[in-house]
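Worksheet: one structure, shown below.
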Amino acid sequence: RLPNVSTMSFPGVHSEALLYVLQKKGVLATAGGFIHPALSRLLQSMGHSETISESALSFALSRYTTEADILKAAEIIAIAACSLQSVSKGLFVL
């Protein structure tokens with residue numbers, strides 16, 4: 001983990017679907033980038049299953065990111081993830 005980057009997993013939600021919804025709401029994240037090739041190995045070394053990386057996204061903060069930005073993004077992410085979990089129930093196998 002970098003000081004300004006956090007990778008989080010959203011069980012039951014495919015990362016690409018969540019990326020799409022978040023982008024529409026103005027929250028930027030990545031499922032790729034420099035960490036993508038190593039993400040599966042990293043999560044497995046931490047005891048997580050290989051498929052958990054399919055629901056992981058990375059978020060980065062800049063020195064211009066405010067606490068209000070973080071709180072707003074967290075609310076948008078939570079709502080989007082819960083919505084996609086309910087839609088995907090039974091379709092996404094972890």
Side-chain angles (χ1 to χ4, degrees):
R1 164 161 148 56
L2 296 172
N4 67 318
V5 178
S6 292
T7 299
M8 296 176 233
S9 181
F10 302 89
V13 177
H14 198 282
S15 59
E16 290 185 21
L18 186 54
L19 277 174
Y20 177 79
V21 172
L22 293 180
Q23 182 182 14
K24 291 285 194 184
K25 301 286 186 176
V27 177
L28 302 180
T30 183
F34 75 93
I35 195 157
H36 185 64
L39 183 58
S40 183
R41 290 190 310 274
L42 175 66
L43 292 171
Q44 284 179 358
S45 72
M46 295 169 54
H48 298 290
S49 70
E50 182 177 342
T51 56
I52 203 79
S53 64
E54 293 178 7
S55 64
L57 294 180
S58 293
F59 299 89
L61 304 177
S62 78
R63 63 180 170 177
Y64 303 109
T65 306
T66 66
E67 184 176 353
D69 294 334
I70 295 168
L71 294 174
K72 181 179 177 184
E75 181 179 0
I76 291 169
I77 293 164
I79 291 169
C82 287
S83 175
L84 287 171
Q85 282 175 335
S86 65
V87 168
S88 300
K89 202 167 272 214
L91 300 175
F92 190 76
V93 179
L94 288 179

**CG/Leu28: more than 12 non-hydrogen atoms of other groups inside 6.0 Å** = no
**Fill in**
When Ile77, Thr7, Thr30 are each screened for side-chain contact (heavy atoms from CB on, under 4.5 Å) with Phe59, the one that passes is Ile77
Could you pull out all donor-acceptor pairs under 3.5 Å where a side-chain atom in residues 17-24 meets a protein atom, sequence neighbours excluded?
none

**Message:** If you apply the rule side-chain contact (heavy atoms from CB on, under 4.5 Å), what do you find for Phe10 with Leu84, and how did you get there?
**Reply:** CA-CA 10 Å; Phe10 302 89; Leu84 287 171; over 6 Å; no
**Prompt:** Does the Asn4 side chain pair with the main chain of Leu61, one donor and one acceptor, at a distance under 3.5 Å?
**Reply:** yes
**Prompt:** Which atom names give the shortest non-hydrogen contact between Val13 and Ala81, and what distance separates them?
**Reply:** CG2-O, 3.5 Å
**Request:** Calculate, to the nearest 0.5 Å, the distance between atoms CD1 and CD belonging to Ile79 and Glu75 respectively.
**Result:** 4.5 Å
**Residue pair Ser55 / Ser9: nearest heavy atoms and the distance that separates them** = OG-OG, 2.9 Å
